[in-house]
Q: 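One structure follows; several queries about it will come next.
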Amino acid sequence: MELFGTIAEAVKQIPGGGLVAGVTAAVTLLLAYVLLIVNRAARTRRTRLWQIAAITGVPVATTLDLLAVHAARVTMLSGFASADASERSSVISAGISGQLNGIALLASSSVWIWPLGLFVLHKMLETRRPADSPRFAGPLFLIPIGLVAIVVGSMLWATGLVHGFASIAWTDPETKTARILGALDEGASALRRFAQVSRWTILGLTALAVALIAAGQRRPRPTGEPLPAGPGRAATWWASALALLLAAALWVGARPLRAENQLPWPAPQLSGEVLAIATPPTPDLAGPDPIVRAPVIQLMADRLAMDTAPYSLEDLGGPLQTLRTNYQLLHPGERFAGDLITMPRLVSLLWVAHHAGYDALMFIFSKEETTVRPTLGTIRRVLSSAARASLMDASDREANGGADPEGDHTVLRLSDFKSYEPFARRLVELRRAGRDVVLDLGKEPGGATDSGRP
Amino acid sequence: MMPAMETGGRRPASTGALVVLVLSLGVLALALDDALFNWVLFSDGLLRRVLFW
């Protein structure tokens, strides 16, 4: 019962899954019925009609499943274009489930409906063969057996990723991207191996079929025995032409997919949170620190935003205190890290953060990157990195007898830098060298006004 | 060559034609293998696209 529940749940995730599963089940029953009646009344017109219906049903069921996966892909692509983050993630998630479950259903149902369909077709051709003629169709039906490996590989690829993603769902967010990438790499290389096995099996079985047909045709016969009747000459040439035409169409049709699959993707950001914010512009630097989840302050020329909502500098302290209190209520007993993301900096902002207890700053450097994919088109992303610094002020130095706090760190004084760029460069340089950096705010200027220095 | 009359009015295929048919079906199976592989792997690319932020 649990298995049926799992299958029903998986079918629900496929666009039009009920229809696809229903048609697949109907085709399976039809094939089973035809196999039951075919030996009893092989040559009747009624049986032939049932046979044709069952054989036709196989590509129909497969086409419906292909369309369902295509619909899931369209859904997923529309999700990438969505501006709303929560809608984007739910649409993309629906697209992923639809594809993986659709491919799993397609591959698993192909394991039985195609062999049964080809068996029924074989029976039908054999029935039409004159009773005194040798068999000719058998060797032809060896070739599709070569596709079993890629079908099984596709099923294992999809089910492997469904299980892999489910096991990753509750892991540490820091390692999630690397784990997803690992699961994808593993799945893709296994699928590649299955495709190779299929290729070589098809080649081997084709050679075997050629040998069997040649042997059957050249077998010495007693005088008077007719030559193998086989298919008619015209039918053979037509069938060959149709097969080659279909092969060419498949080859050409798969070109966009092949081009997309052959072009590797740029490396994803493996550690830390992804911060896809490119405003305001930041110096062209790459910080070595991972970004952790924290309030994000964007400081534009004319406005300020926290987590993309507009704030004034004077009003920022209150919400920051509230976030801190909420954090402590949600994580009782845990030390408040005081993480804060800032793009870029302003002395008065740093003072507000310092007063609210946010002393672990991440200075963010972001740049937009564009990649052009053969089928998916132009895709933009924001690559963000961080350089960490903790805050101190003159009172901390006074508490230490006028000296810089002791420890393995470098103290930077904002007053030593004329603008943000040289400060950011120095900060990144120190962090890259593995040094902890303490940012000395000095004495608080009168009130919460900006000192005008970086 | 057997006269067409002996096979119910149609000309039977030669061994060469049957071999061509088998080879054509082999080519079709190879194209199917390639198409199915690339079709499935396209979803792999879409999943990688999710990581490309």
Side-chain angles (χ1 to χ4, degrees), chain A residues 73 76 80 92 96 99-100 103 136 139-140 143-144 146-147 150-151 154 157 177 180-181 184 187-188 191 195 198-199 202-203 206 209-210 213-214 217-218 226-227 229-234 236-237 239-240 243-244 246-247 250-251 253-254 257-258 260-261 265-266 268 274 276 376 379 381, chain B:
Chain A
R73 285 176 175 171
M76 193 172 173
F80 289 126
I92 289 176
I96 294 173
Q99 281 176 84
L100 293 181
I103 290 172
F136 67 88
L140 302 182
I143 299 167
L147 289 164
I150 184 65
V151 170
S154 301
W157 177 85
T177 305
I180 292 172
L181 201 62
L184 286 173
L191 185 66
S198 256
R199 197 172 310 144
I202 289 164
L203 288 171
T206 305
V210 167
I213 283 192
Q217 297 276 317
R218 286 183 183 165
L227 281 168
R233 176 183 287 184
T236 309
W237 287 119
S240 303
L244 289 175
L246 263 174
L250 281 170
W251 181 259
L257 305 178
R258 201 177 299 116
E260 186 60 51
N261 295 337
W265 281 86
V274 172
L376 298 176
I379 302 170
R381 72 168 166 179
Chain B
M1 180 60 67
M2 185 167 46
M5 204 183 293
E6 289 179 37
T7 56
R10 60 180 186 161
R11 291 161 70 84
S14 63
T15 305
L18 280 174
V19 168
V20 169
L21 175 61
V22 172
L23 292 176
S24 304
L25 288 176
V27 171
L28 175 59
L30 286 174
L32 269 169
D33 173 44
D34 173 75
L36 184 56
F37 167 72
N38 279 299
W39 181 77
V40 173
L41 207 62
F42 187 72
S43 283
D44 170 272
L46 284 175
L47 292 170
R48 285 172 200 270
R49 163 77 180 85
V50 179
L51 303 178
F52 189 84
W53 287 110

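To find a chain, count down the sequence lines: A is the first, B the second, and so on, and within it residues start at 1.
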Q: Heavy-atom pairs under 4.5 Å with chain B - which of A:Leu191, A:Ile180, A:Leu203 has more of them than the others?
A: A:Leu191

Q: Taking the six-membered ring of A:Phe80, is NZ or CZ of B:Arg49 closer than 6.0 Å to its centre and within 45° of its axis?
A: yes

Q: Quick one, A:Trp157 and B:Ser43 - any side-chain contact, counting heavy atoms below 4.5 Å?
A: yes

Q: When you compare the side chain of B:Leu21 with that of A:Leu140, does any pair of heavy atoms fall below 4.5 Å?
A: yes

Q: Counting heavy-atom pairs closer than 4.5 Å to chain B, which one of A:Ile96, A:Leu246, A:Leu250, A:Leu184 comes out on top?
A: A:Leu184

Q: Where is the tightest heavy-atom contact between B:Trp39 and A:Leu257, given as atom of each residue plus distance?
A: CA-CD1, 3.8 Å

Q: I want to check something: taking the side chain as every heavy atom from C-beta on, are B:Val20 and A:Thr236 in contact at a cut-off of under 4.5 Å?
A: no

Q: Among residues at least two apart in sequence or on other chains, which ones pass side-chain contact (heavy atoms from CB on, under 4.5 Å) with A:Trp251?
A: A:Arg258, B:Asp34

Q: Using 0.5 Å steps for rounding, measure from the CG atom of B:Leu32 to the CD1 atom of A:Ile143.
A: 11.5 Å

Q: Considering non-hydrogen atoms only, spot the tightest contact between B:Val22 and A:Ala209 and give its length.
A: CG1-CB, 3.6 Å

Q: Do A:Met76 and B:Leu47 come close enough that some side-chain heavy atom pair is under 4.5 Å?
A: yes

Q: Checking heavy atoms, do the side chain of A:Ile379, its backbone, both or neither come under 4.5 Å from chain B?
A: both

